[in-house]
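Remember, it's a predicted structure, so these values are computed and weren't measured experimentally. All ligand and atom numbering here is 1-based and tracks the order in the structure.
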Amino acid sequence: MRLVIFGPPGSGKGTYASRLVPRLGVPHISTGDILRDEVKSGSELGKSISSYVSSGKLVPDEVVNRVMEKRLSQEDCRRGFILDGYPRTLQQAYFLEGVSKIDFVINLNVPDEVIVRRLSSRLVCRKCGAIYNKITLPPKVDGVCDKCGGELYQRDDDKPEVVRERIRVYKNEAAPLLEHYRKAGVTVIDFFYEPDEAGGDVSPDTVVDRIIKALKGSSCCF
Ligand code: AMP
């Protein structure tokens, strides 16, 4: 099962991908995590990409391709993988074709207002990085981390006007890739966001069940 998962920031992509791991028995490969770890390790490669990662600019294709080729050649990818954050350019998609076949693309479609609402209510602990949500997962004490007592703050890039810009950038990036996969005959499974009966988000486990069901042959919403 070789999957690529596409979705805008705040679509729950990372959450769903990590919950699919035990269900599908394949690793979740987040390019952003790999690149951040590389930067943290202080390696030569890490030093050369740190300015891109910290400013949110795309790391050059040839560097990312090399990193991903190495990761995908590891033993745990023999039965497949879930790619999150790769490919992000057509050049990366062409390169990936030379490395591995892709069986499915999962495309999470979430209305802009839902993303803005979710991300602009997100709070992060300055000390330990724990994530809260003013609406769905509030801390016990306002502004204070339950886990370490650190101060909670809103990331600059989670402010509504910045979130809108991140969504715009994502759409420009994803559209040609989705078109490429559709044209190439790869099965693209589109999921369309639907609120639950109370108007909130359905639980991640429910979404993951629906993804599994869709992979088995039926299309659905989440
Ligand atoms: P993410 O966690 O997906 O938001 O990625 C964090 C950062 O890693 C991005 O802002 C880019 O600097 C870099 N990055 C992640 N994936 C890629 C990719 N496929 N190509 C180039 N740069 C990437």
For M68 and ligand 1, answer yes if some heavy atom of the residue is under 4.0 Å from a ligand atom, otherwise no.
->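 In this structure, M68 fails to qualify as a contact of ligand 1 - no heavy atom is under 4.0 Å.
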For [atom], closest protein heavy-atom neighbour:
atom: atom 3 (O) of ligand 1; value: R88 NH1, 3.4 Å
atom: atom 11 (C) of ligand 1; value: K57 O, 3.4 Å
atom: atom 7 (C) of ligand 1; value: V53 CG1, 4.2 Å

Heteroatom distance test ([X], ligand 1): nitrogen or oxygen, under 3.5 angstrom:
X: Q92; answer: yes
X: R36; answer: yes
X: Y86; answer: no
X: V59; answer: yes
X: L35; answer: no

N-O pairing of [X] and [Y] below 4.0 Å:
X: R78; Y: D76; value: no
X: E113; Y: R117; value: no
X: R19; Y: D205; value: yes
X: R88; Y: D61; value: no

Taking Y193 as the fixed residue, which of D201, V202, V207 is the one that meets the side chain to side chain contact (heavy atoms under 4.5 Å, CB included) rule?
->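 Only match with Y193 under side chain to side chain contact (heavy atoms under 4.5 Å, CB included): D201.
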List every atom of ligand 1 that sits less than 4.0 Å from any heavy atom of Y52, numbering the atoms from 1 in the order shown and giving each element.
->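 Those of ligand 1 that fall under 4.0 Å from Y52 are 12 (O).
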In ligand 1, which numbered atoms sit nearer than 4.0 Å to a non-hydrogen atom of T31?
->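 Every atom of ligand 1 under 4.0 Å from some heavy atom of T31: 16 (N), 17 (C).
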Per atom 5 (O) of ligand 1, closest listed option by heavy atom (G32, G85, P9) |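 Considering heavy atoms of G32, G85, P9, the nearest to atom 5 (O) of ligand 1 sits in G32.
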Is the centre of the H180 ring less than 6.0 Å from the centre of the Y94 ring?
->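 Close enough - the centres of the two rings lie under 6.0 Å apart.
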Applying side chain to side chain contact (heavy atoms under 4.5 Å, CB included), run through F81 and L3 and close with a yes or a no.
-> CA-CA 6 Å; F81 44 76; L3 300 182; over 6 Å; no
Using only heavy-atom distances, determine whether the side chains of Y86 and N65 contain a donor-acceptor pair under 3.5 Å.
->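 Judged by distance alone, the side chains do pair up.
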